[in-house]
Enquirer: 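Have a look at this one before I ask anything.
In what follows, every heavy atom counts, from backbone to side chain, and hydrogens, waters and symmetry copies are set aside. Both ligands and their constituent atoms are indexed starting at 1 by order of listing.
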Amino acid sequence: MEKDRIVMFPAPGIGHIVAMVELAKLIQTHRFSITILLTTGLLDHPTIEAYLRRITAAHPSISFLRFPHIPLAAAPTTVSRAARAFAFIKANASNVATSLSQISKTTTVKAFVIDLFCTSAMESALSMGIPVYYFFTSGAAVLALFLYFPKLHEERSESFKDMVGVELRVPGNAPLKAVNMPEPVLDRDDPAYWDMLYFCAHLPKARGIIVNSFPELEPMAVNAVAEGTCIPNAERGSDIYYIGPLIAEPHQSEGTAGAKSKECLRWVDEQPKRSVVYVCFGSRGSFSVSQLREIATGLERSGHRFLWVVKKPLEEEGAKQGEELAKPGDEFDLASVLPNGFLERTKDRGMVVKAWAPQVEVLSRESVGGFVSHCGWNSVLEGVVAGVPMVAWPLYAEQHVNREVMVGEMKVAVALNQREDGLVSGEEVEKRVREVMESKEIRETSLKLKHMALAAVSDFGSSTTALANLVHSWT
Ligand SMILES: O=c1ccn([C@@H]2O[C@H](COP(=O)(O)OP(=O)(O)O[C@H]3O[C@H](CO)[C@@H](O)[C@H](O)[C@H]3O)[C@@H](O)[C@H]2O)c(=O)[nH]1
């Protein structure tokens with residue numbers, strides 16, 4: 001007999017797709033078939049294609065359904081990258097409806113699991129009587145903030161970006177500077193703000209919210225969500241399932257990428273225990289050339305060994321950091337963007353790789369003693385599970401909120417001082433790298449949290465139980 005099916009719809013971003021696939025792998029062990037809907041035309045890249053092929057080969061119960069291509073609508077250049085992405089996802093709503101209706105003809109769809117940014121897909125599932133669940137790819141602190149966002153919106157008429165010096169009080173969160181609110185909600189004049197308001201207002205309307213976190217990691221936010229301080233429980237129809245940390249399974253990439261990864265791991269394996277700081281800013285964290293040079297200077301002066309992943313620099317010197325203008329993998333000359341002679345001077349204690357490193361595997365190596373991270377949620381969880389202390393350097397999206405939790409509540413990271421324009425000096429990089437590599441206290445806290453994370457996903461752990469409850473509700 002055909003197995004019951006769960007359909008999933010991740011947002012088109014590596015951090016979002018990989019986490020959703022990890023959730024799918026867990027769910028399929030409970031005898032469900034999974035179809036993952038994918039858009040075409042945004043973030044299509046050979047690395048992703050190879051990744052999807054590997055998943056279907058290893059997990060026959062998981063299949064991917066690629067939508068027909070929908071061209072990205074020409075949007076005014078004043079509109080943010082997030083707004084364009086949301087419009088693109090919305091333009092795929094008819095693809096979602098068609099796919100769900102076709103899949104439903106042959107199997108029973110027990111649930112439709114969507115990313116927050118895919119809220120535009122909710123309506124068609126509900127009209128077909130399919131229960132909708134969110135898979136929240138950030139942590140509980142951001143969930144608390146987003147549940148509360150419609151209230152923050154009602155209370156103010158100004159854009160957060162203009163509220164310089166204002167601190168917001170959000171249940172379950174440390175006081176947060178208004179200018180550090182997640183990027184898509186900073187500016188009321190940007191359509192992304194209104195999209196986010198719509199998405200967040202729909203969170204409580206789902207049957208459930210599945211969160212990639214676990215209660216011991218963020219007790220403040222988990223309690224605030226449970227107690228109904230973000231949104232009264234009476235108004236919240238959704239059950240909350242903390243099923244994390246979900247971490248991407250290490251794999252061997254093919255071709256040149258695979259060879260580069262192996263070389264990277266070989267180098268890491270040759271270094272002494274806890275001697276290497278790993279520096280990486282997620283799937284699209286890019287910097288200006290001058291910022292890259294400050295990082296290089298800081299790493300060199302710190303005296304520590306390092307593995308540094310450098311993406312193609314931003315084309316304009318003054319461009320906002322973190323917004324990658326080039327496609328991943330675009331070629332550039334490493335030596336020409338780094339300080340003169342840097343690669344030669346540091347060749348015995350440093351490795352610089354272009355674009356990508358096998359992060360989960362790198363972090364798991366004994367020689368890695370610190371991680372300079374952009375605070376993307378997957379990276380945070382990967383750092384936690386590896387028990388590696390972090391330097392928190394948020395760039396965009398909801399990363400400032402994550403930084404507060406990593407530094408304030410989890411105490412597994414040190415924050416670094418960013419100038420008003422976002423630039424971080426070489427001295428600051430040097431200072432924070434030394435601090436994180438040399439502090440016994442943060443290392444001990446990181447190890448404690450690692451054990452809590454492993455306990456949560458062990459046989460009778462809280463996350464395993466939450467997932468079992470979720471799938472049980474579908475049978
Ligand atoms: O060289 C690299 C760079 C990244 N990764 C992997 O790519 C993923 C990156 O995910 P994440 O750390 O979450 O960063 P982003 O790709 O920037 O993720 C987006 O999505 C996340 C989940 O919603 C948000 O928390 C982030 O702010 C948002 O930018 C992780 O699994 C990394 O291990 C590598 O393996 N090698």
Enquirer: Between Glu398 and Asn402, does any side-chain donor sit less than 3.5 Å from a side-chain acceptor?
Expert: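 There is such a pair between these side chains.
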Enquirer: Tyr396 near ligand 1, heavy-atom distance under 4.0 Å?
Expert: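 It does; at least one heavy atom falls under 4.0 Å.
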Enquirer: When you measure from atom 7 (O) of ligand 1 to every protein heavy atom, which one gives the shortest distance, and what is it?
Expert: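 Here the nearest protein heavy atom works out to Trp356 CH2, 3.5 Å.
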Enquirer: Counting heavy atoms not belonging to Lys177, are there more than 12 under 6.0 Å from its NZ?
Expert: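 Atom NZ in Lys177 is not packed in, count stays at 12 or less.
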Enquirer: Of all residues at least two apart in sequence or in a different chain, which pass the side-chain hydrogen bond (donor to acceptor under 3.5 Å, both in side chains) check with Asn92?
Expert: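 Residues passing side-chain hydrogen bond (donor to acceptor under 3.5 Å, both in side chains) with Asn92: Asn95.
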Enquirer: May I ask you to check if Lys354 and Phe332 form a cation-pi contact, with NZ or CZ under 6.0 angstrom from the six-membered ring centre and within 45° of the axis?
Expert: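 Yes.
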Enquirer: Run the salt-bridge test on Glu435 and Arg432 with the 4.0 Å N-O cut-off and return the result as yes or no.
Expert: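 Between Arg432 and Glu435 there is a salt bridge, with a charged N closer than 4.0 Å to a carboxylate O.
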Enquirer: Report the nearest protein non-hydrogen atom to atom 13 (O) of ligand 1: residue, atom name, distance rounded to 0.1 Å.
Expert: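 The closest one turns out to be Asn378 ND2, 2.8 Å.
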Enquirer: Specify the protein heavy atom at minimum distance from atom 1 (O) of ligand 1: its residue, its atom name, and the distance to 0.1 Å.
Expert: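 The closest heavy atom on the protein side is Ala357 N, 2.9 Å.
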Enquirer: Looking only at protein heavy atoms, which one is nearest to atom 24 (C) of ligand 1, and how far off is it?
Expert: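 Here the nearest protein heavy atom works out to Glu398 OE2, 3.3 Å.
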Enquirer: Give the atoms of ligand 1, by number and element, whose distance to some non-hydrogen atom of His16 is under 4.0 Å.
Expert: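 Heavy-atom distances to His16 below 4.0 Å select 20 (O), 23 (O).
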Enquirer: What atoms in ligand 1 come closer than 4.0 Å to a heavy atom of Ser379?
Expert: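 Those of ligand 1 that fall under 4.0 Å from Ser379 are 11 (P), 12 (O).
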Enquirer: May I ask you to identify the nearest protein heavy atom to atom 18 (O) of ligand 1, giving residue, atom name and distance to one decimal place in Å?
Expert: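 In this structure, atom 18 (O) of ligand 1 has Gly15 CA, 4.1 Å as its nearest protein heavy atom.
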Enquirer: Considering heavy atoms of the protein only, find what lies nearest to atom 9 (C) of ligand 1 and give residue, atom and distance to 0.1 Å.
Expert: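 Ranking protein heavy atoms by distance from atom 9 (C) of ligand 1, first comes Ser283 N, 4.2 Å.
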Enquirer: At less than 4.0 angstrom from any non-hydrogen atom of Glu382, what atoms of ligand 1 do you find?
Expert: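 That gives atoms 30 (C), 31 (O), 32 (C), 33 (O) of ligand 1.
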Enquirer: Hey, which atoms in ligand 1 end up nearer than 4.0 Å to a heavy atom of Cys280?
Expert: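 Those of ligand 1 that fall under 4.0 Å from Cys280 are 1 (O), 2 (C), 3 (C).
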Enquirer: State, without any angle test, whether Tyr193 and His153 hold a side-chain donor-acceptor pair at a distance under 3.5 Å.
Expert: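 Short answer, yes.
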Enquirer: Would you mind checking which non-hydrogen protein atom is closest to atom 17 (O) of ligand 1, with the distance to 0.1 Å?
Expert: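 The closest one turns out to be His374 NE2, 2.9 Å.
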Enquirer: Number the atoms of ligand 1 from 1 as they appear, then name those within less than 4.0 Å of a heavy atom of Ala397, with their elements.
Expert: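 Near Ala397, meaning under 4.0 Å from one of its heavy atoms, ligand 1 has 27 (O).
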Enquirer: Ignoring angles and geometry beyond distance, decide whether Arg284 reaches within less than 3.5 Å of ligand 1 through its nitrogen or oxygen atoms.
Expert: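 Arg284 vs ligand 1: no N/O contact under 3.5 Å.
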Enquirer: Parallel, tilted or perpendicular: which one describes the rings of Phe287 and Phe281, with boundaries at 30° and 60°?
Expert: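 Phe287 vs Phe281 ring planes: perpendicular.
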Enquirer: Give a yes-or-no answer on whether the side chains of Ser238 and Tyr133 include a donor-acceptor pair shorter than 3.5 Å.
Expert: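 No, no side-chain donor-acceptor contact under 3.5 Å.
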Enquirer: Which part of Gln359 is near ligand 1, with near meaning a heavy atom under 4.0 Å away: side chain, backbone, both or neither?
Expert: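 The answer is both, backbone and side chain.
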Enquirer: Does anything in residues 215-225 pair up under side-chain hydrogen bond (donor to acceptor under 3.5 Å, both in side chains), and if so which pairs, sequence neighbours excluded?
Expert: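 Counting only pairs at least two positions apart or across chains, the side-chain hydrogen bond (donor to acceptor under 3.5 Å, both in side chains) contacts touching residues 215-225 are Ser213-Glu218.
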Enquirer: Counting non-hydrogen protein atoms only, what is the nearest one to atom 28 (C) of ligand 1? Give residue, atom name and distance.
Expert: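 Sorting protein heavy atoms by distance from atom 28 (C) of ligand 1 puts Gln399 NE2, 4.0 Å first.
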Enquirer: Going by the atom numbers of ligand 1, which of them fall below 4.0 Å from some non-hydrogen atom of Trp377?
Expert: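 In order of number, 13 (O), 24 (C), 25 (O).
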